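Structure first, commentary second.
Excluded from the calculations below are hydrogen atoms, water molecules and symmetry mates; all remaining heavy atoms, backbone and side chain alike, are included. Per chain, numbering begins at 1; letters A, B, ... match sequence-line order. This one's a predicted model, so the numbers in the text were calculated from it and none came from an experiment.
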Amino acid sequence: MAKSKKPSKATNFFSDVHEVARLIPRGRATSYGAIAAYLGAKMSARMVGWAMNAAHGDHSIPAHRVVNRAGLLTGKHHFATPAEMQRRLEQEGISVKKDKIQNFEKIFWDPAKELI
DNA sequence: GGTCTGACCGGCG
DNA sequence: ACGCCGGCCAGAC
């Protein structure tokens with residue numbers, strides 16, 4: 001029961017988001033809402049994106065594999081270069097057209113389904 | 001210590 | 001069919 005509360009200020013939410021994002025397999029992509037729902041806060045999808053902001057500097061977190069539900073690279077502007085996000089996705093075999101992932105539902109990776 | 005914003009989502013007119 | 005608005009949680013000033 002008493003799980004040792006993390007002395008750290010970092011909330012589990014951020015850590016969780018970072019961890020899930022890191023579990024995203026190569027060549028796949030997921031949405032902020034999917035991660036939020038997996039964490040039990042589908043209504044707080046905004047925070048997921050915000051958590052990604054904290055992921056900056058941590059190259060272990062493939063934030064480029066996280067897009068909005070429409071498959072649009074909404075957060076590409078937050079990368080070192082807006083083209084880097086698309087380039088990374090294409091490098092993994094994901095087709096991106098006009099900042100939008102093609103066959104998004106096909107490569108969609110749902111943590112709640114893939115992860116138990 | 002209070003206020004605002006933020007890489008979203010879903011519903012309504 | 002399209003556009004607008006509110007809601008949610010947490011961090012930063």
Let's see if you can work this out: which of [options] has an atom nearest to the side-chain heavy atoms of [X]?
X	options	value
Arg46(A)	dC9(B), dG7(C), dA7(B)	dG7(C)
Met43(A)	dC9(C), dC8(C), dA7(B)	dC8(C)
Asn53(A)	dC9(B), dA7(B), dC8(C)	dA7(B)
Thr74(A)	dC8(B), dC9(B), dC9(C)	dC8(B)

Assess whether atom CD of Glu19(A) is packed by more than 12 heavy atoms of other residues, nucleotides or ligands within 6.0 Å.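 Result for CD/Glu19(A): open.
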Which base sits across from dG3(C) as a Watson-Crick or G-U pair, both distances under 3.5 Å?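 Pair assignment: dG3(C) / dC12(B).
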Pairing check on dA7(B): which nucleotide meets the Watson-Crick or G-U wobble criteria with it, both distances under 3.5 Å?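 Pairing partner, where one exists within any strand: none, as none qualifies.
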Any Lys/Arg nitrogen of Glu92(A) or Arg65(A) sitting under 4.0 Å from an Asp/Glu carboxylate oxygen of the other?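 Yes.
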Determine, using the 4.5 Å side-chain heavy-atom cutoff (strictly less than), whether [X] and [Y] are members of one ILVMFWY cluster.
X	Y	answer
Ile24(A)	Val48(A)	yes
Ile61(A)	Val67(A)	no
Leu73(A)	Phe79(A)	yes

Measure from [atom1] on [X] to [atom2] on [N] and round the result to the nearest Å.
X	N	atom1	atom2	result
Met47(A)	dC8(C)	CE	P	12 Å
Met52(A)	dA7(B)	CE	P	14 Å
Tyr38(A)	dC9(B)	OH	P	19 Å
His78(A)	dG11(C)	NE2	P	17 Å
Trp50(A)	dG6(B)	CH2	C1'	5 Å
Leu89(A)	dA7(B)	CG	P	18 Å
Arg69(A)	dA7(B)	CZ	C1'	15 Å
Phe14(A)	dC9(C)	CZ	C1'	9 Å

Tell me if the side-chain of His56(A) makes a donor-acceptor pair with the base of dA7(B), cut-off 3.5 Å, by modelled atom types. yes
